[in-house]
Number of protein chains: 2
Amino acid sequence: MPVLPFDVDRSSPVPLYFQVAQQIEAAIDSGTLAPGDRLENEVALADRLGLSRPTMRQAIQSLVERGLLVRRRGVGTQVVQGRVRRPVRLSSLHDDLVRSGQHPTTTVLLHETGPAPAEVALTLGLAPGTDVVTLGRLRCVDDGPLAVLHNWLPADLLPADADLTHHGLYEVLRAQGVHLRVASQQISAEGADAETAGRLGLDPGAPVLVVERTCWDDSGRAVEFARHHYRADGYTVEMTLVDP
Amino acid sequence: MPVLPFDVDRSSPVPLYFQVAQQIEAAIDSGTLAPGDRLENEVALADRLGLSRPTMRQAIQSLVERGLLVRRRGVGTQVVQGRVRRPVRLSSLHDDLVRSGQHPTTTVLLHETGPAPAEVALTLGLAPGTDVVTLGRLRCVDDGPLAVLHNWLPADLLPADADLTHHGLYEVLRAQGVHLRVASQQISAEGADAETAGRLGLDPGAPVLVVERTCWDDSGRAVEFARHHYRADGYTVEMTLVDP
DNA sequence: AAGTGGTCTAGACCACCGA
DNA sequence: CGGTGGTCTAGACCACTTA
């Protein structure tokens with residue numbers, strides 16, 4: 001079992017458990033910790049790094065919850081044998097594309113304020129008839145159109161002059177002091193209707209991936225309901241599940 | 001702020017933090033804790049229940065991670081304003097269908113052992129050429145066909161005489177002492193090819209939801225690679241994302 | 001029997017938020 | 001300023017696995 005040169009910086013503002021988790025993750029990424037390798041036990045590791053056991057546990061636990069490590073009582077902690085996908089969390093499509101080196105462009109198709117449709121009011125927990133902003137956008141990358149994005153937000157959240165052509169929606173919301181915290185998604189497939197197909201450069205009936213998402217901020221307030229249609233050949237959703 | 005009649009049973013084998021989390025969740029489900037309500041603060045709650053603060057924190061934290069509660073430093077803990085979807089985790093399609101009151105039937109289309117295709121060997125972390133079981137199944141519900149399921153497993157995991165017509169694959173694996181712990185999924189959409197369309201009662205090119213999944217057990221060993229094709233009108237994937 | 005993770009305690013100090 | 005959650009400590013006992 002490899003003894004790894006972990007250490008912590010107690011003068012850093014980064015929490016100790018997070019520093020340790022980062023170092024373990026880096027060791028896995030670099031291959032220093034190979035798939036199947038066992039970690040030193042919690043007590044020994046805590047001792048070696050001069051940490052308390054709960055702090056060490058918190059570090060390991062965070063990686064277990066992301067599926068990088070598995071733990072068994074009486075046995076130990078091991079690196080999962082295989083590359084676990086690590087989906088970006090609660091990020092916007094725009095940010096994801098930029099992060100992956102692409103150059104997304106956005107066309108605003110629709111940007112209007114009016115009474116919420118019943119389904120949207122229900123989903124956002126608003127009184128029926130409350131004003132919401134309805135947003136329609138076409139998101140393209142270098143290769144061409146990727147997705148048609150529809151969003152509904154409480155009217156006070158989005159400035160009327162927001163520049164959605166050059167900035168992602170979540171970026172605009174962040175600038176408004178809205179901190180997204182929870183999202184609930186439903187993913188399905190559909191045949192594209194005529195309008196969507198036209199926007200995406202597909203034949204009507206061609207398969208599209210549909211993502212419906214509701215978002216809440218850090219005060220628990222519903223911030224957005226979204227229905228996005230993605231070209232099937234340009235987009236996949238990744239996720240990792242861990243049993244408790 | 002409502003003061004709820006939580007209590008714990010110290011003689012129970014159920015962990016204290018879990019008992020508390022269950023009671024908070026039940027209060028949310030029943031409406032006793034309404035969306036937007038604030039919880040008592042951690043210290044007061046711990047005191048009232050006769051628990052230490054870390055234990056109380058663990059209870060709350062587990063619900064925060066599932067998206068039911070949001071916390072802000074200096075402010076407090078609140079119930080999220082809206083119904084968060086709570087997807088079943090790492091369960092099999094068969095079990096999910098049974099749980100939702102349906103009666104799935106399964107037809108085994110293919111059940112053979114042979115050298116792993118390169119892609120499968122790579123995904124499962126096996127040496128090229130290792131024997132794997134290739135499984136093809138058609139899953140139907142009362143209404144008709146729902147999904148075509150393809151699975152690849154290391155050959156020693158699946159008994160040759162496994163009864164996959166009447167039991168789900170994960171059920172069979174559980175009976176073998178395999179405890180699934182981590183899964184990594186990719187979800188996409190496709191137009192059905194001729195064979196898949198035929199099996200599902202669709203026209204070729206009709207939209208299907210494609211789920212590719214790799215599973216690991218509690219020792220970190222790769223247990224299965226799956227590629228499932230679902231009728232678009234009969235299946236959606238639900239997930240909840242929480243920002244740390 | 002020895003070693004592992006799972007749970008729990010009773011404190012402590014700090015950072016952040018809102019009045 | 002007081003109240004909140006965020007982090008951390010130094011122990012303890014237990015359940016489970018493996019040998």
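Chain letters run A, B, ... following the sequence lines, proteins first, then strands; residues in each count from 1.
Map A:R73 and A:P54 each onto its nearest nucleotide of DNA chain C; the residue landing nearer the 5' end is A:R73. Residues A:L51 and A:G74 each lie close to DNA chain D; by heavy-atom proximity, the contact nearer the 5' end of the strand is made by A:L51.
Put simply, CG on B:L45 is 17 Å from P on D:dG3, counting in whole angstrom units. Distance, B:L69 CG to D:dG5 P: 11 Å, rounded to whole Å. Taking atom CG of residue B:L39 and atom P of nucleotide D:dG3, one finds them 18 Å apart after rounding to whole Å. Atom CD of A:Q58 and atom C1' of D:dT9 are 13 Å apart (whole Å). The nearest whole Å value for the distance from the CD atom in B:E40 to the P atom in D:dG3 is 15 Å. Per the geometry, CG belonging to A:D47 stands 15 Å off C1' belonging to C:dG3, to the nearest Å. Between the P atom of C:dC17 and the CG atom of B:N41 lies a distance of 17 Å, rounded to the nearest Å. Rounded to a whole Å, the CD atom of B:E42 is 17 Å from the P atom of C:dA12.
Listed candidates were D:dC8, C:dG6, C:dC8. Nearest to the side chain of B:T55 is C:dC8.
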>> B:R227 vs B:N151, test: side chain to side chain donor-acceptor pair (under 3.5 Å). Steps then yes/no.
In response: CA-CA 6 Å; B:R227 182 180 291 127; B:N151 301 75; over 6 Å; no

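For D:dC8, neither phosphate oxygen OP1 nor OP2 lies less than 4.0 angstrom from any side-chain nitrogen or oxygen of A:Y17. In this structure, A:R57 does not reach the C:dG5 phosphate: none of its side-chain N or O atoms is under 4.0 Å from OP1 or OP2. Dashed line: the shortest gap from a side-chain N or O of B:R38 to OP1 or OP2 of D:dG5 is not under 4.0 Å. Between A:T77 and C:dT4 there is no side-chain N or O to OP1 or OP2 distance below 4.0 Å.
At a threshold of 4.0 angstrom between heavy atoms, the contacts of A:R72 are confined to the sugar-phosphate backbone, with no base atom among them. B:L16 comes within contact range of the sugar-phosphate backbone alone, with a heavy-atom separation under 4.0 Å but no base atom that close.
With salt bridges taken as basic N to acidic carboxylate O contacts below 4.0 Å, none links B:R174 and B:D218. Using a cutoff of 4.0 Å between basic side-chain nitrogens and carboxylate oxygens, A:E224 and A:R213 are not scored as salt-bridged. A salt bridge is absent between B:D96 and B:R139; no separation between the charged side-chain nitrogens and carboxylate oxygens falls under 4.0 Å.
Side-chain N or O atoms of B:S30 include one that pairs as donor or acceptor with a backbone N or O of B:A26 at under 3.5 Å. At distances below 3.5 Å, at least one donor-acceptor pair connects side-chain atoms of B:Q23 with backbone N or O atoms of B:D7. Remark: the backbone N or O of A:E119 is paired with a side-chain donor or acceptor of A:T123 at under 3.5 angstrom.
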Scan the side chains in residues 76-85 of chain A for donor-acceptor partners under 3.5 Å anywhere in the protein, sequence neighbours excluded, and list what turns up.
| residue | atom | partner | partner atom | Å |
| --- | --- | --- | --- | --- |
| A:Q78 | OE1 | A:R72 | NH2 | 3.4 |
| A:Q78 | NE2 | A:G36 | O | 3.3 |

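Summary of helix geometry: the two end axes of the helix from C:dA1-D:dT18 to C:dG18-D:dC1, each defined by five base pairs via their C1' atoms, are inclined to each other by 20° (rounded to 10°).
Below the 3.5 angstrom threshold, one finds a donor paired with an acceptor across the side chain of B:R53 and the base of D:dG6.
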